[in-house]
Number of protein chains: 2
Amino acid sequence: MPATTTASPSIKVIPEPPGLPEPLPEPSVDELRLETVLGALSDPLRLTIVRKLLLESEDFDHTCGWFGLDRPKSSLTHHFKALREAGVTRQRQYGLERRSHVRIDDLNARFPGLLDLVAAWTPQR
Amino acid sequence: MPATTTASPSIKVIPEPPGLPEPLPEPSVDELRLETVLGALSDPLRLTIVRKLLLESEDFDHTCGWFGLDRPKSSLTHHFKALREAGVTRQRQYGLERRSHVRIDDLNARFPGLLDLVAAWTPQR
DNA sequence: CGACTAGTACGAGTTTCATCGTACAGCCTG
DNA sequence: CAGGCTGTACGATGAAACTCGTACTAGTCG
């Protein structure tokens, strides 16, 4: 039988507390496609986002602004949407803010080891 | 110190015999970039190629024709070149033929677990 | 040498994607 | 309710990338 999701020591798995807003539209676990996920991760900016979420998440999830990315807002919207639609991140609306976190359990279940590669990535030699 | 490269049971590691033709130009191990490799693998046709190489390689390496892909030759050239330039495959010229194999050791060393995901991939539900 | 063959090079058409400006929607606070 | 804030939607632009036809190169074998 499947063990409960295992994660590498560096990647914190944070259970979702109840009573959260509904997530924005996203693919279900069995709709996750490797080629789509890899495509979403084949971009340095998006790798930066996901890696930062994996390694520096202290709270449950984070707004666009938290990342400190020096790009116009509409560019960031584009990339966060790409990550969500590929199934890499989950986004919820909290009043004004739209917060993101990585779907660690789902990705570990479908593509074990993939997030470890992202966590180990370094921006550009 | 690093253990010698480990591979999952399903992926055969075949040592390269001496006296082969020089490989075509390719990135060295430390030039491999995660975003580039993921980009090369974010295409269903190329995933098919790499997966078939991983699971069905009995000989050392294989020609374009071996894959039985129903695409024009120039399209195949394009994809094989993309895989080689990303560092996923190595190509050698044997007389008329250009044969490919996956750089299993190099990829396992830099991105452990990645090839297992490719081997476990299924074309389209 | 001439035919055959594996594969490349080049170029065009099409699509997809990244980037970003601008305008707008929704929420909060005074 | 007005202003400020987070973030989206839309649209334009330019750059890649996929697809493929055609012409070509380079081995091989009769």
Side-chain angles (χ1 to χ4, degrees), chain A residues 20-26 33 35-50 53 59-101 123-124, chain B residues 20-26 33 35-50 53 59-101 123-124:
Chain A
L20 296 180
E22 275 307 289
L24 300 186
E26 67 180 20
R33 302 251 75 224
E35 60 270 35
T36 308
V37 171
L38 295 188
L41 294 175
S42 68
D43 178 281
L45 183 60
R46 294 197 288 253
L47 272 180
T48 303
I49 291 172
V50 177
L53 278 175
D59 307 354
F60 173 60
D61 42 12
H62 294 277
T63 67
C64 275
W66 174 77
F67 296 89
L69 299 166
D70 189 21
R71 300 289 179 95
K73 295 188 295 178
S74 47
S75 298
L76 297 182
T77 296
H78 170 72
H79 288 291
F80 278 96
K81 184 178 180 183
L83 285 171
R84 189 190 78 237
E85 291 183 341
V88 177
T89 58
R90 172 166 297 145
Q91 289 187 292
R92 285 192 164 89
Q93 194 80 34
Y94 291 81
L96 262 193
E97 300 166 342
R98 181 167 292 193
R99 293 172 169 262
S100 301
H101 70 275
Q124 172 74 3
Chain B
L20 295 180
E22 275 306 290
L24 300 186
E26 67 181 21
R33 302 252 74 226
E35 59 270 35
T36 309
V37 171
L38 295 188
L41 294 175
S42 68
D43 179 280
L45 183 61
R46 293 198 289 254
L47 272 180
T48 302
I49 291 171
V50 177
L53 278 175
D59 307 354
F60 172 61
D61 41 12
H62 293 276
T63 68
C64 275
W66 175 78
F67 295 88
L69 300 166
D70 189 22
R71 301 289 180 93
K73 296 189 296 178
S74 47
S75 298
L76 298 182
T77 296
H78 169 73
H79 288 293
F80 278 96
K81 184 177 179 184
L83 285 172
R84 189 189 77 237
E85 291 183 341
V88 176
T89 59
R90 171 166 298 145
Q91 290 186 291
R92 285 191 163 89
Q93 193 81 32
Y94 292 81
L96 261 192
E97 301 168 340
R98 180 167 293 194
R99 293 172 169 263
S100 301
H101 70 275
Q124 171 75 3

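Residue numbering restarts at 1 for every chain, and letters A, B, ... go by the order of the sequence lines.
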Exercise for review: Let me see the working for A:F80 and A:T89 under side chain to side chain contact (heavy atoms under 4.5 Å, CB included), right down to the final yes or no.
Suggested key: CA-CA 8 Å; A:F80 278 96; A:T89 58; 5.6 Å; no
Revision key, fill the gap. Rounded to whole Å, CZ of A:F80 lies from C1' of D:dT8 at a distance of 14 Å
Revision key, fill the gap. One should read off an interatomic distance between B:T63 OG1 and B:L96 CG, to the nearest 0.5 angstrom, of 11.0 Å
Review point. For the pair made of CG in A:L76 and P in D:dG7, what is the distance, rounded to whole Å?
Key: 9 Å
**Study point:** Separation of atom NZ in A:K81 from atom C1' in D:dT8, rounded to whole Å
**Key:** 9 Å
Please list each protein N or O that sits under 3.5 Å from an N or O in nucleotides 20-23 of chain D, with the distance.
unit_1 : atom_1 : unit_2 : atom_2 : d
D:dG21 : N7     : B:S74  : OG     : 3.1
D:dG21 : O6     : B:S74  : OG     : 3.0

Check your understanding: Rounding to a whole Å, what distance do you find between A:E97:CD and D:dG4:P?
Key -> 19 Å
Practice item. Side-chain contact test, heavy atoms from C-beta onward, threshold under 4.5 Å: evaluate it for A:E26 versus A:Q91 and give yes or no. Key: no
Check your understanding: Between D:dT6 and A:R99, is there an OP1 or OP2 to side-chain N/O distance shorter than 4.0 Å?
Key -> no
Study note, to complete from the structure: Heavy-atom nearest pair, B:S42 first then A:L38, reads CB-C, 3.9 Å
Check your understanding: Can you tell me how far CZ of B:R84 sits from CZ of B:R98, rounded to the nearest 0.5 angstrom?
Key -> 6.0 Å
Check your understanding: Below 4.5 Å, heavy atoms only, C-beta onward: do A:R99 and A:H101 meet side chain to side chain?
Key -> no
Check your understanding: Under 3.5 Å, is there a donor-acceptor pair between the side chain of B:Q93 and the main chain of B:G95?
Key -> yes
Practice item. Round to a whole Å and report the spacing from NE2 of B:H79 to C1' of D:dA16. Key: 14 Å
Point to revise | Opening and closing nucleotides of DNA chain C in contact with chain B, under 4.0 Å to non-hydrogen atoms | key: C:dT5 to C:dA9
**Study point:** Atom pair distance, as rounded to whole Å: CG in B:L38 and C1' in D:dA17
**Key:** 17 Å
Practice item. Supply the atom-to-atom distance B:H78 NE2 to B:S74 OG, rounded to the nearest 0.5 angstrom. Key: 10.0 Å
Practice item. Grab the two heavy atoms, one from A:R46 and one from A:A82, that are nearest each other, plus how far apart they are. Key: NH1-CB, 3.7 Å
Check your understanding: Rounded to whole angstroms, how far apart are CG on A:L69 and P on D:dG7?
Key -> 12 Å
